[in-house]
Structure formats: structure tokens, C-alpha cells
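I have a structure here, written as C-alpha cells, and I will follow up with some questions on it.
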Amino acid sequence: MDRVIEQTKYLIVGSSHAALEAINAIRMHDAEGSLTVVTRDAHLPYSPTVLPYVVSGKSAPERVFLRDEDFFERNNVSFRRSAGLAVLHADANTAQLADGSTLGYEKLLLATGASPVIPPIPGIDSVDYHVLRTLDDATGLNAAIAGANNAVVLGGGLVGMHAAENLVKAGAKVTIVEMGPTVLGGYFDAAASGLIEAAFREAGATVLTGSRVVGLAKSATGATVTLANGDTLAADLLLVATGVKPDVGYLNGSGIAFEQGIVVDDQMRTSIDNVWAAGDCAQAKHFFAPRKQVNAILPSATEQGRIAGMAMAEDPGIKAYAGGVPLNTYHFFGRHAISVGSSEVPEGGDVVTRFDEANGRYLKIIFDGGRLTGIFGINEYFDGGIMWQLIVRRIDLTEIRDRFIENPLEVGREIMSRTWR
């Protein structure tokens, strides 16, 4: 006799921002349909953006959760922790979980996020190292920092730089190794990145850009890191922060189209009609180009999750996804940096820059005609969310361009109060 498989109308895999927004959207239109959320994580939902603050000790692990158990009870959601998706049988509308159980579904949302990329460095399997993607990773790194004297951080992206700052503040000798010509090169140009690097060097960190690790070996105190130029670094704490990639191992044989991420349309639907994807695992419309992209930031995850939930519940109020617009904020050593939009200057567009190196201030604004396409600042004050809206709404700034350049914070708020009532 065949085993009875538990059925649910809506199945959501994942439990962070995209998943939570999808729950809200579904329940706004369908209050009764059975809804199950499964996550490989052992904890209640939390945001990856809070992890650096857990590492630093500013946020207690038990206080970072986005929702409590009551949220799931109130919304009639079956919430299952430590239940990762192992195999997806899209042809049979079933999902096999890592614990061996199987769920049948009518509609499925894949919001499985991403995992750290582990570079194929010779010897990496022989040494102990940390990554930072989960709450358990953050608590483990927080515990390790106290005993670190010589820390090496591989990667000069946001994760690596956040962790490096915490290590510096804990008193460790810190070396950041970045293959690219600058740190945070995906968000800021060389001038802006230079200000960030200067702050780290001023605080005592060593920043090695244009450097590549070619070997790792276990040592008496931790690991020996060998660089391409022959130099070696001693590390009693090693953090690998060389990027992330979507979690999609469960897709094998499912028939769901995948490139850099799970390919979706403007309603987050995959190549299988009753399967959607959202968040860091989804490859969706690009706002600035005809190609699709993985835009692994919180605003995109929440918007994509909301749209996916509305589509799954057949909400007639759904609107197509406008496209991914990058938005990142970064705080370091009492300074702040914001990056919104595209760093590419469109054909016929122009760039305005304001650089006060002595005071560590930098502003770069990119226009396409009268419309904003990108704005980047170090210790310059403007609201990243408002700038994001100006770009997405294609607001024409022609008549107030000079005022906007002079004071993007004040003028941005003025536009918001006038336009978005």
C-alpha cells in the first residue's frame, strides 16, 4: 500500500524576507488555504543583514528574530524548522525533505536563499575556517573572535569587511585579502573604495587588494595562508567571505530553468507553471538592462516575495516586477556608505562628483537626462530608500537638478512628500 503523502495548497521553502512577504500576500487574499513553510534553519526567521551585529555582540541572538511562533499560528501556517528541501519532483508536485518526509503541494515558492562560495584553494579542506551566512555562523564567529590574535579575511565584500571591522575592534591583527583592485568593488568606484580602505588602515588593519591566495596549510596555531607573490600570513582565525551562490541543489532533474539563479518572469513564476521563486535564489528582471539578474538584497527579496505570494493566491491587484535596482548601506568605524542604482553611465548620460578627501566625503550622482540612475556616497547624507524610489518611479529631476545635487537628502524628502501622498 502506498504511503499517504501530506498535502498542502501552498508550500514555501525558506523563511526569511521573501518567504515572510509571500505569507502576508497569500493571507491577504486567501485566509483559509493550507500553507506550509519549511526551512533548513533550526531557528525562527531572521535577516542575514543582522548577522554582523550578532558577530559584534551588539545584537543578542535571541533578539534578532523577524517573527515569533504566534505569527505562524495567527496566520494558520504550519512552520517546520530543520527541514531543508532535498529533492523537488515538480512533475509530481511533491517535495522531498532532508529528513526523508515528502510533502505534496498545489503551488510552491522557492525562497531558499544562498550559501557561501568556498573557493577551490589548494589545502582549504585541511584547515579550519569560518563563513558568515547563518545565525549559527554568527554566534560561532562571535565566540572565536575573543581568542583571535592574527585574523585573515578572504574577500573584501560587505560580509568580509563587516567581520574585519569587528575583529579589529576586538584587538586582533587583521589582514583583508581581496583579489580585485579595490574592496567593495561591486558597490563603489575606486575613489569611494579608497576612503573605506583608508579607514580600515587607520584603524590598524592591513588591506591587500589585487592579491590572490594560492595555498592554505594547517599550522600549530591555525592556518598558513600563501599568496600568489610568495608572501605568507599566519592566521589563528580564518574567515572565507568570497561571495555567495543560490541554493539550488534540489533542482536536479526538476525541469526548472536555472542560469545564475532560478529564472523567473515578471510575476516570479519559474518555467514550471505552479512553481515560483523569490529572493537570493531568483534570477529576475533587471531594471537597467534587458538581461535578468540575481539581485541579492533585502528590498528585492521583499518585493519579489510579495509579488510571488500575490500570484500564487491569484490576487487581481498584482503588478509586474519593475526590475532589480541595487541598494546597499554600509557602516564602518563611525562612518557610513550608501550605494543605490547602477554605476554604469548610460549613453548620453552624465556624472556629477563631489570629493572631499581630507574630510572623507564623496558623492557621485549619475543621470540619464533628467532622471536619476545611480547615487553613491561616503559620509554624504541621503535616504537610500527615497533614492531607490526616484529611480524606480523614473522621476524627472530636470527642474530641480541643481538643488538635488546640492542636497539630495532634503530635496529627496521634498519630492517624496509631494509625490507619494
Side-chain angles (χ1 to χ4, degrees), residues 116-122 124 132 151-165 167-168 173-216 225-233 235 238-245 260 288-289 293-297 326-333 335-346 349 351-358 360-366 373-380:
V117 172
I118 306 303
I121 300 170
I124 195 167
L132 183 56
V152 175
V153 177
L154 305 186
L158 286 173
V159 170
M161 299 302 282
H162 271 302
E165 179 178 357
L167 286 158
V168 168
K173 178 183 177 182
V174 179
T175 301
I176 302 163
V177 182
E178 166 57 42
M179 287 181 61
T182 64
V183 300
L184 298 172
Y187 313 100
F188 301 102
D189 63 15
S193 296
L195 292 176
I196 297 170
E197 290 178 25
F200 274 79
R201 293 191 174 101
E202 179 184 318
T206 299
V207 183
L208 303 177
T209 54
S211 297
R212 184 168 59 92
V213 177
V214 296
L216 292 166
V225 181
T226 302
L227 304 181
N229 65 2
D231 290 347
T232 59
L233 306 170
L238 177 65
L239 174 67
V240 177
T242 50
V244 297
K245 62 180 179 181
Q260 290 79 36
F288 298 102
Q293 65 168 5
V294 177
N295 193 31
I297 61 171
L327 188 163
N328 289 280
T329 59
Y330 173 51
H331 299 275
F332 60 104
F333 296 111
R335 303 161 173 88
H336 69 271
I338 308 178
S339 167
V340 189
S342 174
S343 61
E344 297 181 8
V345 181
V351 182
V352 176
T353 59
R354 186 162 66 228
F355 189 19
D356 181 355
E357 187 171 9
R361 299 184 66 178
Y362 180 78
L363 180 67
K364 179 178 182 179
I365 306 176
I366 302 176
T373 61
I375 181 167
F376 312 86
I378 308 292
N379 285 338
E380 288 282 350

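All values below were derived from every heavy atom in this structure, side-chain atoms included, with hydrogens, water molecules and symmetry-related copies excluded.
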| request: State, yes or no, whether a side-chain contact exists between P116 and L132 at a heavy-atom distance under 4.5 Å. | output: no
| said: Let me confirm one number: the OH-CD distance from Y330 to E165, rounded to the nearest 0.5 Å. | reply: 5.5 Å
| Under the side-chain contact (heavy atoms from CB on, under 4.5 Å) criterion, do L216 and L238 qualify, and how do the steps go? | CA-CA 10 Å; L216 292 166; L238 177 65; 4.1 Å; yes
| query | Do N328 and F188 touch side chain to side chain, with heavy atoms closer than 4.5 Å? | reply | no
| Heavy-atom pair of closest approach, residues I121 and V214 | CG2-C, 4.1 Å
| message | Looking at every heavy atom in both V117 and P119, which two are closest together, and how far apart are they? | response | O-CD, 3.5 Å
| remark: Heavy-atom closest pair (G155 atom, I176 atom, distance to 0.1 Å) is O-CG2, 4.0 Å
| query | Has R212 got more than 12 heavy atoms of other residues, nucleotides or ligands less than 6.0 Å from its CZ? | reply | no
| Straight-line distance of L233 CG to L227 CG, nearest 0.5 Å | 5.0 Å
| said: Using the ring centroid of each side chain, check whether F200 and F333 are separated by less than 6.0 Å. | reply: yes
| remark: T182 and A190 have their tightest heavy-atom pair at CG2-CA, 4.1 Å
| message | Keeping E178 on the side-chain end and G180 on the backbone end, is there a donor-acceptor pair under 3.5 Å? | response | yes
| How long is the span from the CZ atom in F332 to the CG atom in L195, to the nearest 0.5 Å? | 7.0 Å
| query | Among all residues two or more places apart in sequence or in another chain, which pass the side-chain hydrogen bond (donor to acceptor under 3.5 Å, both in side chains) test with K173? | reply | none
| note | For T232 and T226 the tightest heavy-atom approach is CG2-OG1, 3.8 Å
| field | Rounded distance (nearest 0.5 Å) linking atom CD1 of I338 with atom CG of N379 | value | 10.0 Å
| query | Can you find a pair of side-chain heavy atoms, one from L239 and one from L167, that are under 4.5 Å apart? | reply | no
| For V183, does its backbone N or O pair with a side-chain atom of S193 as donor and acceptor, under 3.5 Å? | yes
| said: Quick check for you: to the nearest 0.5 Å, what is the distance between E380 atom CD and K364 atom NZ? | reply: 14.5 Å
| field | Nearest atoms (heavy-atom pairs only) where F376 meets S342 | value | CZ-O, 3.5 Å
| Distance (rounded to the nearest 0.5 Å) between I375 CD1 and I365 CD1 | 4.0 Å
| request: Measure from the side-chain N and O atoms of R335 to the backbone N and O of I378, and report whether any donor-acceptor pair falls under 3.5 Å. | output: no
